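A quick write-up on the structure given underneath.
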Amino acid sequence: MPKPFRILDLPPEIRTKIYILICTSPTPYISLSSISSPFSEPIHPSFPHNLLLANTQLYHELRPIYFTSNTFSLTIRRLNDDWSYFLSSQFLDNRRQIHALRIVVLRWGTKDFFCRTLIPVLEDCVLNGRLRVVEVVVKEGFLKALGKGEWFENWKRLSSLLRDPYLERVRLLAGRLEDDCGDGVLEGMKDVTELLLGVRGNAASLRRTQAGQ
């Protein structure tokens with residue numbers, strides 16, 4: 001009788017290549033904000049549910065690769081209860097494994113949600129986790145608050161986050177966003193990353209950007 005094949009008998013580098021093939025999503029972004037129960041199909045078809053339950057070693061080797069091999073997406077609305085799990089302590093280790101994240105800002109959330117709740121979580125993902133690539137997409141109208149206005153504090157905290165030296169790649173995109181837009185590819189976005197080089201001195205840059213639109 002032939003000996004059963006055991007994936008754990010393979011060299012670690014071969015296992016890693018297999019894990020990446022298994023975990024890599026067919027879509028450019030995996031939504032973290034579409035449903036209240038994370039990692040359910042069809043939103044997360046590449047999440048290896050069964051393999052994670054098969055063996056402790058597989059769990060510890062495979063789970064981080066799912067988060068580092070894909071780009072995830074969060075959509076901020078006025079109310080964000082659908083993805084409150086992302087902010088919870090129970091999800092801490094998972095979110096610290098995320099390498100690339102896109103944040104779509106339709107609203108800044110309620111009260112001080114953005115500054116006091118979300119930004120500290122993202123800062124922790126950079127400092128104590130693997131977050132190294134961040135893309136932020138905002139409505140064009142939000143750019144008016146770069147130099148002043150009720151959203152100015154949000155922009156200051158966002159600018160500080162995106163200038164973290166641990167981050168390897170950041171982008172700020174602006175365009176027309178509908179409130180019902182999903183977490184997929186967004187068309188017609190303009191790269192305005194230069195506006196985040198210094199929020200305090202952005203008035204002139206903002207005028208140049210708006211003049212060119």
Side-chain angles (χ1 to χ4, degrees), residues 1-77 80-104 117-137 161-162 164-171 173 181-186:
M1 184 175 180
K3 184 179 179 181
F5 170 76
R6 282 171 40 89
I7 188 172
L8 294 179
D9 291 337
L10 293 171
E13 60 273 17
I14 301 298
R15 294 203 303 271
T16 298
K17 291 181 179 180
I18 294 174
Y19 295 158
I20 291 174
L21 288 174
I22 292 173
C23 291
T24 300
S25 173
T27 61
Y29 301 99
I30 297 178
S31 173
L32 293 171
S33 51
S34 294
I35 48 177
S36 57
S37 177
F39 315 126
S40 299
E41 293 205 27
I43 303 299
H44 298 263
S46 57
F47 187 68
H49 296 265
N50 294 333
L51 284 175
L52 292 176
L53 297 174
N55 179 282
T56 300
Q57 183 177 344
L58 272 174
Y59 177 86
H60 289 294
E61 291 182 354
L62 190 56
R63 183 180 59 89
I65 290 178
Y66 174 74
F67 290 103
T68 57
S69 299
N70 294 296
T71 299
F72 294 86
S73 179
L74 277 176
T75 298
I76 307 175
R77 296 179 169 85
N80 300 287
D81 295 340
D82 284 350
W83 50 273
S84 59
Y85 74 88
F86 178 83
L87 306 170
S88 69
S89 58
Q90 292 88 345
F91 199 68
L92 175 65
D93 191 51
N94 284 331
R95 68 173 180 254
R96 282 180 174 175
Q97 302 295 332
I98 293 175
H99 175 75
L101 179 66
R102 182 183 69 169
I103 304 167
V104 180
T117 302
L118 182 59
I119 287 294
V121 166
L122 297 177
E123 290 173 339
D124 174 74
C125 290
V126 176
L127 181 62
N128 299 308
R130 300 185 178 187
L131 185 59
R132 296 295 180 266
V133 179
V134 177
E135 178 181 279
V136 180
V137 186
L161 170 71
L162 297 186
D164 191 299
Y166 282 170
L167 289 176
E168 298 168 0
R169 188 168 73 251
V170 300
R171 283 210 307 169
L173 304 177
C181 75
D183 289 293
V185 176
L186 300 173

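Since this is a predicted model, take the numbers as computed values, not measurements. Count residues from 1 along the sequence.
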Closest approach of Pro28 and Thr71, non-hydrogen atoms and distance? O-CB, 3.5 Å
Quick one: list whatever passes side-chain hydrogen bond (donor to acceptor under 3.5 Å, both in side chains) with Asp9, sequence neighbours left out. Arg6
Intermediate values then yes/no, side-chain contact (heavy atoms from CB on, under 4.5 Å), Val137 and Arg102: CA-CA 8 Å; Val137 186; Arg102 182 183 69 169; 4.0 Å; yes
In short, Tyr85 meets Leu32 closest at the heavy-atom pair OH-O, 2.7 Å
Report yes if some heavy atom in the side chain of Ser73 is under 4.5 Å from a heavy atom in the side chain of Val104; otherwise report no. yes
Rounded to the nearest 0.5 Å, what's the gap from CD1 on Ile30 to CZ on Phe72? Could you check? 4.5 Å
Measure the spacing between CD1 of Ile65 and NE2 of His99 and express it to the nearest 0.5 Å. 13.5 Å
Measure the shortest side-chain to side-chain distance between Trp83 and Ile76 over non-hydrogen atoms and say whether it is less than 4.5 angstrom. yes
Value for CD (Glu123) from CG (Asp164), rounded to nearest 0.5 Å, stands at 8.0 Å
Please identify each residue that fulfils side chain to side chain contact (heavy atoms under 4.5 Å, CB included) with Thr117, with sequence neighbours left out. Leu87, Phe113
Less than 4.5 Å apart, any side-chain heavy atom of Phe86 and any of Asn80? no
Evaluate the side-chain proximity of Leu62 to Cys23: yes if any heavy-atom separation is below 4.5 Å, no if none is. yes
List in chain and number order the residues that pass side chain to side chain contact (heavy atoms under 4.5 Å, CB included) with Glu61, two or more places apart in sequence or in another chain; answer none if no residue qualifies. Leu8, Arg15, Tyr19, Gln57
Scanning both residues in full, the closest heavy-atom pair of Asn70 with Ser25 reads OD1-N, 2.7 Å
List for me each residue that meets side chain to side chain contact (heavy atoms under 4.5 Å, CB included) alongside Arg130, sequence neighbours excluded, and say none if there are none. Pro64, Thr68, Gln97
Where do Val133 and Leu167 come nearest, in terms of heavy atoms and distance? N-CD2, 4.3 Å
How about Asp82 and Ser33: do any of their side-chain heavy atoms sit closer than 4.5 Å? no
Arg96: side-chain hydrogen bond (donor to acceptor under 3.5 Å, both in side chains) partners, not counting sequence neighbours: Asp124
Name all residues meeting the side chain to side chain contact (heavy atoms under 4.5 Å, CB included) criterion together with Ile14; count only those two or more places apart in sequence or in a different chain, and write none if there are none. Leu10, Pro11, Ile18
Tightest non-hydrogen contact, residues Leu101 and Leu131, listed as CB-CD1, 3.8 Å
I need the minimum non-hydrogen distance between Leu127 and Tyr166, along with the two atoms involved. CD1-CE1, 3.8 Å
Going by the rule side-chain hydrogen bond (donor to acceptor under 3.5 Å, both in side chains), which residues pair with Glu168 if we only count those two or more places apart in sequence or in a different chain? none
State, with a plain yes or no, whether a side-chain heavy atom of Leu51 is found less than 4.5 Å away from one of Tyr66. no
Those residues at least two apart in sequence (or on a different chain) that pass side-chain hydrogen bond (donor to acceptor under 3.5 Å, both in side chains) with Arg132 are none
Would you say the side chain of Leu58 lies within less than 4.5 Å of the side chain of Ile7, judging by non-hydrogen atoms? yes
Parallel under 30°, tilted from 30 to 60°, perpendicular over 60°: which one fits the rings of Phe91 and Phe67? perpendicular
